[in-house]
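I have placed the structure first, in the form of structure tokens, so that the comments after it can refer back to it.
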Amino acid sequence: MERMVHIFDTTLRDGEQSPGASLTSSEKLEIAKQLVRLNVDIIEAGFPASSPGDFEAVRNIAREVKGPIITALARAVKSDIDAVWESVKYAERPRIHIVLGSSDVHIQNKFRRSRDEVMDMGVAAVRYARSLCPDVQYSTEDASRSDKNYLFKVIESVIDAGATVVNIPDSVGYAVPAQWGRLIADIKRCVPNIDRATLSVHCHNDLGLAVANSLASIKAGAQQVECTINGIGERAGNASLEEVVMGIRVRQSYYRAATDITTSQLCPTSNMVSQLTGLALARNKAVVGENAFAHSSGIHQDGVLKNRNNYEIFSPEEVGAIGTTIVLTARSGRHAVRHRLESLGYKVSQEELERLHSRFLAVADTKKEVDDDDLRAMMSTAETLIASRRL
Ligand code: KIV
Ligand code: ZN
């Protein structure tokens, strides 16, 4: 039996931290409404203590957006927690999200306190947040570089203090999938009260492993995964929501998990986020990139025209993409050329196709892509030639 994995979208918080991606309050609201259509479980709307504008943006989203849990980020200090609560308390289902480092790197270089002192700060912050809100998430920042036994102790203590969700971040993208999956399994095995909280992960992409690490933790039993649309976020970004969701969906029998995401909204959401943040997508971006369903080589085009299953593991319709495209280049074969000609209304015999294909290759060698106008021009010359031969 599959278990449901909750999708926690942090496009409006971690994603918006991408250099050059900042959003206005109304743009954030527009994206939040689209995230509702996508059917995410949790929206992290911002970091209210960071600026009055962000406080306002989070409050608008909490007031207007119905359906998902609405949360926002606080450091483990009273003023941040108050700012989160004052902005999210209008939501149908508010959550306070607290973050505090658990690695010695952060404890020594950021907080300059002892491990125990930092743990006490976290516990006090959770207790205070729970006095305001029934749903409190605690993130052990830089978990992947933390001492395991200390990490387990922190998790146990914050759950005892009332945390309902514990989120294990690979804040600097240091983890590798097998080891990261083992850490999640060890947390489930070694933290005695772990069943009283939802176990979540948050992976960064510094080594290009954010999605792989997120999927490894789902396999190991994580119940919530944090991600962003198009994988935007601090530095090299976060795990991309569309890749995580389609990974779970396409390999459902391996992960034995499912999400509630309306996958046909993936491309529309991706386009909206790209336009509003100004962060362009790579053409070859998995799932939502322009090339995700574009076939260029003759072998692939022939295969996909015979049966899409040959070279597509999910359909463009499933993710709301325009459709399969056959890109005509010098690598294209006769099947693809005939197919495009037919879509333009031309019928050609095998013999004509042979002649046309060599002319097609001569044109294709001079440019990156042969377009419909090139084909029409080739056909009108071919028809003139045939007509002149008939005279
Ligand atoms: O990367 C990180 O550790 C974070 C936390 C706030 C979850 O973004
Ligand atoms: Zn992060």
Side-chain angles (χ1 to χ4, degrees), residues 7-74 80 83-97 99 202 204-205 210 226-245 261-282 285 287-290 319-322:
I7 299 295
F8 177 119
D9 181 276
T10 182
T11 306
L12 299 177
R13 200 276 299 165
D14 211 321
E16 208 235 2
Q17 288 171 213
S18 304
S22 66
L23 296 161
T24 64
S25 183
S26 64
E27 288 168 338
K28 282 185 123 183
L29 185 59
E30 195 180 336
I31 292 175
K33 288 182 176 166
Q34 177 58 28
L35 293 173
V36 173
R37 290 189 274 279
L38 185 62
N39 209 27
V40 303
D41 298 284
I42 303 113
I43 294 176
E44 185 164 49
F47 182 15
S50 65
S51 75
D54 211 39
F55 178 91
E56 205 52 42
V58 175
R59 196 171 54 176
N60 284 344
I61 290 171
R63 279 190 171 133
E64 291 199 32
V65 174
K66 306 293 170 210
I69 292 173
I70 307 293
T71 190
L73 187 66
D80 275 28
V84 169
W85 180 239
E86 287 307 315
S87 54
V88 299
K89 68 182 181 190
Y90 303 95
E92 281 174 344
R93 291 186 294 153
R95 175 184 290 178
I96 297 176
H97 179 191
V99 61
H202 172 111
H204 275 272
N205 206 32
E226 301 199 356
C227 34
T228 60
I229 302 299
N230 300 335
I232 62 173
E234 281 282 354
R235 306 181 308 281
N238 290 69
S240 130
L241 181 147
E242 50 282 357
E243 294 175 26
V244 170
V245 165
I261 293 295
T262 304
T263 58
S264 58
Q265 289 295 325
L266 286 171
C267 282
T269 315
S270 161
N271 291 337
M272 179 189 283
V273 168
S274 174
Q275 266 168 27
L276 293 179
T277 57
L279 297 178
L281 278 189
K285 165 82 176 63
V287 182
V288 291
E290 205 182 318
V319 296
I322 288 168

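Numbers here are sequence positions counted from 1.
At least one donor-acceptor pair under 3.5 Å links the side chain of T10 to the backbone N or O of D14. No donor-acceptor pair under 3.5 Å is formed between the side chain of S18 and the backbone N or O of I232. A side-chain donor-acceptor contact under 3.5 Å links T71 to the backbone of R95. For the pair H204 (side chain) and G237 (backbone), a donor-acceptor distance under 3.5 Å is present. Using modelled atom types, no side-chain atom of S274 and backbone atom of S270 make a donor-acceptor pair closer than 3.5 Å.
Within the structure, the salt bridge (charged side-chain N to carboxylate O under 4.0 Å, His left out) test picks out the following pairs touching residues 226-240 (sequence neighbours left out): D206-R235. Residue pairs meeting the salt bridge (charged side-chain N to carboxylate O under 4.0 Å, His left out) criterion with at least one partner in residues 46-59, sequence neighbours excluded, are K28-D54, E56-R59.
Counting only heavy atoms from C-beta outward, the side chains of L23 and I31 approach each other to under 4.5 Å.
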Which pairs would a plain distance check flag for residues 61-68, meaning a side-chain donor or acceptor within less than 3.5 Å of a matching protein atom at least two apart in sequence or in another chain?
{"unit_1": "K66", "atom_1": "NZ", "unit_2": "R63", "atom_2": "O", "d": "2.9"}

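The salt bridge (Lys or Arg N to Asp or Glu O under 4.0 Å) test applied to D41 returns no partner, not counting sequence neighbours. The salt bridge (Lys or Arg N to Asp or Glu O under 4.0 Å) check on E16 picks up nothing, with sequence neighbours excluded. When the side-chain contact (heavy atoms from CB on, under 4.5 Å) test is applied to E243, the partners found at least two apart in sequence or on another chain are V211, S240, K285, A286, V287.
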Kindly indicate, with the supporting measurements, whether the criterion side-chain contact (heavy atoms from CB on, under 4.5 Å) is fulfilled by V40 and F8.
CA-CA 7 Å; V40 303; F8 177 119; over 6 Å; no
